[in-house]
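To start, the structure under review is shown below, and the notes come after it.
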Protein chains: 2
Amino acid sequence: MSVTTLHRPTHRDALSALSAAFERGELVTVFGRCTVDYDGRAASSLGPGDRLLILKPDGTALVHTDEQRTPVNWQPPGSEHRAAVRDGRLRVRSVRGNPDERLDVRFERVDQVSALPVTGGRSVDVYGSEEDLRQEILDDPDLVEPGFEPAATERQTAAGPVDLFGHDDEGRPVVVELKRRRVGPDAAGQLGRYVEALSREVPDGTEVRGVLVAPSVTDRARELLAEKGLSHVPLAPPAESSTAADTAASGDGGEPTTVGDSSSEPEDGAD
Amino acid sequence: MSVTTLHRPTHRDALSALSAAFERGELVTVFGRCTVDYDGRAASSLGPGDRLLILKPDGTALVHTDEQRTPVNWQPPGSEHRAAVRDGRLRVRSVRGNPDERLDVRFERVDQVSALPVTGGRSVDVYGSEEDLRQEILDDPDLVEPGFEPAATERQTAAGPVDLFGHDDEGRPVVVELKRRRVGPDAAGQLGRYVEALSREVPDGTEVRGVLVAPSVTDRARELLAEKGLSHVPLAPPAESSTAADTAASGDGGEPTTVGDSSSEPEDGAD
DNA sequence: GCCTAGGTCCCGTTA
DNA sequence: TAACGGGGCCTAGGC
């Protein structure tokens, strides 16, 4: 029910702990000196070093070094973890099909094995997404342009679903592509594909307009939009969406301690 | 020099361990009941639960639950980690600028704090990348089409750098876009942009051809290619690039133990 | 610093 | 199942 940790276990003991933890549906961390080999969509191999292996009960495997947000090697959810002792070393193998992929982590030394009973919420609602931008516009269509009237979201076309479809103040069909952040040439191309597809579904001679709603666009994207006769409306998702969690900075309780890069700035409790 | 672990430490002791570990440049894991709040490019908040927090000396912060490869919350490298005890609870705050972002993890209970001295290689060479595909073609240009002659890689155009540029057996300019895996409409659009840009840099009337080299393309992508007069050459990166690490399956040493989803298959030592 | 595109992208949704 | 597009994408390489 609580955390189980083995320090410098034998490889056999580490194996036992691993197996037991997984039967309990717990998350497992293994730290020690290991090599990592991956073969699947691509292939890689990593020489000996001390790294952190994380095994999740959903089949996820992560190998982390002391740098980067991205694991140096991994296996996605749905994989099957197997552990064994081979040649006196703990070997953790994570395998999946479709595509066929295999990750092998071979420990020559195990410093720590921990079994962590994870509970509680695992999904976050994120504010500031493209969906929030859509809602913002549906609440006030004039943000796109005066007289704009939304007709459908996710309207299907031969080129795929259009974020927002409607008509302008003169009744012309308008395709709106939404982006939560600054966009490059790809977004202009995407909008262009939708406009072209819709142009073919509409009576000959009917002009279909295209509007890219995004906080900003790069120069190249702007050129592309101009070439294709598309326009850009600068608009960002709302900063907050009702629920905020910003009630800090009250009451002391201990001097903050800076860790990591020792900044030269003076420390104080604020912010 | 080795692993340091605290079990059920007080919040103050956890704080001390954290600070000490970071001064030693070690990776830190914290497991316990916590809430997580993020505010930056977007915003989110996560209610109480038992989760694994990983703090790297390069400024990376990861909050993992028992599911998914992607952390439920995080902070990219370059952030600054600070820890403090507020209202009797351990609070880890990770902040960065450009963009301004903040991650707060507040523990109401700390089950374990570990400091892990990570060493050894942290970067992998991956085989099967787009670069390997390029090399494959440079070694044998006929793979694109008989008589194809490469002239430049990363050739600059107004629309950006072209993966591979050359001429066909009749001397016509050819733009080659490389993809390591099956591609969709976006790749067709990308190639189209390059072809169009190059057409403008070339004498009037000179036809610029476009070739998409990829293992396969989706139906929609195929249609787009056809519309734009572009072609597809089915070709994948080489399966292996000299260095292989596949010498397992020799010698027993212990019965493999299946952990995780208990598969009904009989276990044996092979593969 | 921004821009551009690749990635073992991951991930959810829909046809 | 495959395909398509979003993502706090992350990350590397240029300019």
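Keep in mind that what you see is a predicted model, and the values were worked out from it rather than measured. Any value given below was found using the heavy atoms of this structure, including those in side chains, with hydrogens, waters and symmetry copies removed. All chains are named by letter (A, B, ...) in the order of the sequence lines, taking the proteins before the strands, and each is independently numbered beginning at 1.
- Side-chain N/O atoms of Glu130(A) and base N/O atoms of dG6(D) include no donor-acceptor pair closer than 3.5 Å.
- Mapping Val124(B) and Gly160(B) onto DNA chain C via the closest heavy atom, the residue that lands nearer the 5' end is Gly160(B).
- Of the candidate nucleotides dC10(D), dT8(C), dA3(D), dC10(D) has the atom lying nearest to any side-chain atom of Thr70(A).
- Here Gln68(B) contributes atom CD and Lys56(A) contributes atom NZ; the two are 7.5 Å apart, rounded to the nearest 0.5 Å.
- Relative to the side chain of Glu177(A), the nucleotides dG6(D), dC10(C), dG7(C) differ in distance, and dG6(D) lies closest.
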Pull out every protein N or O sitting under 3.5 Å from an N or O of nucleotides 12-15 of chain D, one pair per line with the distance.
unit_1, atom_1, unit_2, atom_2, d
dA12(D), OP1, Gln68(A), NE2, 3.3

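- With values rounded to the nearest 0.5 angstrom, Asp104(A) atom CG is found 4.0 Å from Arg93(A) atom CZ.
- Residue Asp186(B) contributes atom CG, which lies 11 Å from atom P of dG6(D) at whole-angstrom precision.
- Taking all atoms of both residues into account, the shortest heavy-atom contact from Thr65(B) to Gly121(A) is CG2-O, 4.1 Å.
- The phosphate of dA5(C) (OP1 or OP2) has a side-chain N or O of Arg193(B) nearer than 4.0 angstrom.
- Of the candidate nucleotides dT11(D), dG8(D), dC3(C), dC3(C) has the atom nearest to the side chain of Thr218(A).
- Gly78(A) and Arg96(A) get closest at one heavy-atom pair: O-CB, 4.4 Å.
- In this model, the phosphate group of dC4(D) is not approached by any side-chain N or O of Gln190(A) to a distance below 4.0 Å at OP1 or OP2.
- Taking only side-chain nitrogens and oxygens, Tyr194(A) never comes nearer than 4.0 Å to OP1 or OP2 of dC4(D).
- Here dG12(C) presents its P atom at 19 Å from CG of Asp163(A), a figure rounded to the nearest Å.
- Using a 4.0 Å cut-off, some side-chain N or O of Trp74(A) falls inside it from OP1 or OP2 of dC10(C).
- For dT8(C), its base sits under 3.5 Å from the side chain of Asn73(A) at one donor and acceptor pair at least.
- Following rounding to the nearest Å, Arg134(A) (CZ) and dG6(D) (C1') show an atom-to-atom distance of 11 Å.
- The phosphate of dC9(C) has OP1 or OP2 within less than 4.0 Å of a side-chain N or O from Arg181(B).
- Residue Glu67(A) is out of contact with every strand shown, counting any heavy-atom pair closer than 4.0 Å.
- If you check every strand for non-hydrogen atoms under 4.0 Å, Pro161(A) touches nothing.
- Minimum heavy-atom separation, Arg180(A) to Ser129(A): NE-CA, 4.1 Å.
- Screening Glu227(A), Lys228(A), His232(A) for a side-chain contact (heavy atoms from CB on, under 4.5 Å) involving Leu230(A) leaves a single residue, Lys228(A).
- Rounded to a whole Å, the CG atom of Asp219(B) is 8 Å from the P atom of dC4(D).
- When the P atom of dT4(C) is taken as reference, atom CG of Leu191(B) falls 18 Å away, rounded to whole Å.
- One can place CG of Leu224(B) at 15 Å from P of dA3(D), the figure rounded to the nearest angstrom.
- The residue Pro99(A) sits apart from the nucleic acid: no heavy atom pair falls under 4.0 Å.
- Residue-to-nucleotide proximity on DNA chain D shows that, of Ala221(B) and Arg180(A), the 5′-proximal contact is made by Ala221(B).
- Side-chain N or O atoms of Glu201(B) include one that pairs as donor or acceptor with a backbone N or O of Ala158(B) at under 3.5 Å.
- The CD atom of Glu67(B) lies 8.5 Å from the OG1 atom of Thr60(A); values are rounded to the nearest 0.5 Å.
- Nearest-nucleotide positions on DNA chain C place Gly184(A) closer to the 5' end than the other of Gly184(A) and Gly40(A).
- Note that CG of Leu178(A) is 10.0 Å distant from CD of Glu136(A), once rounded to the nearest 0.5 Å.
- Remark: Arg41(B) is in phosphate contact with dC9(D), judged by side-chain N or O atoms under 4.0 Å from OP1 or OP2.
- A donor and an acceptor atom never sit less than 3.5 Å apart when one is taken from the side chain of Asn98(B) and the other from the base of dG1(C).
- In this structure, Leu103(A) atom CG and dC9(C) atom P are separated by 15 Å, rounded to whole Å.
- Base pairing annotation: dG8(D) forms no Watson-Crick or G-U wobble pair, as no partner gives both donor-acceptor distances under 3.5 Å.
- Counting any heavy atom pair closer than 4.0 Å across all strands shown, Ala159(B) reaches sugar-phosphate atoms only and no base atom.
- Proximity of Arg220(B) to the phosphate of dG5(D): no side-chain N or O atom is located under 4.0 Å from OP1 or OP2.
- Atom pair Arg122(A):CZ and dG12(C):P shows a separation of 12 Å (rounding to whole Å applied).
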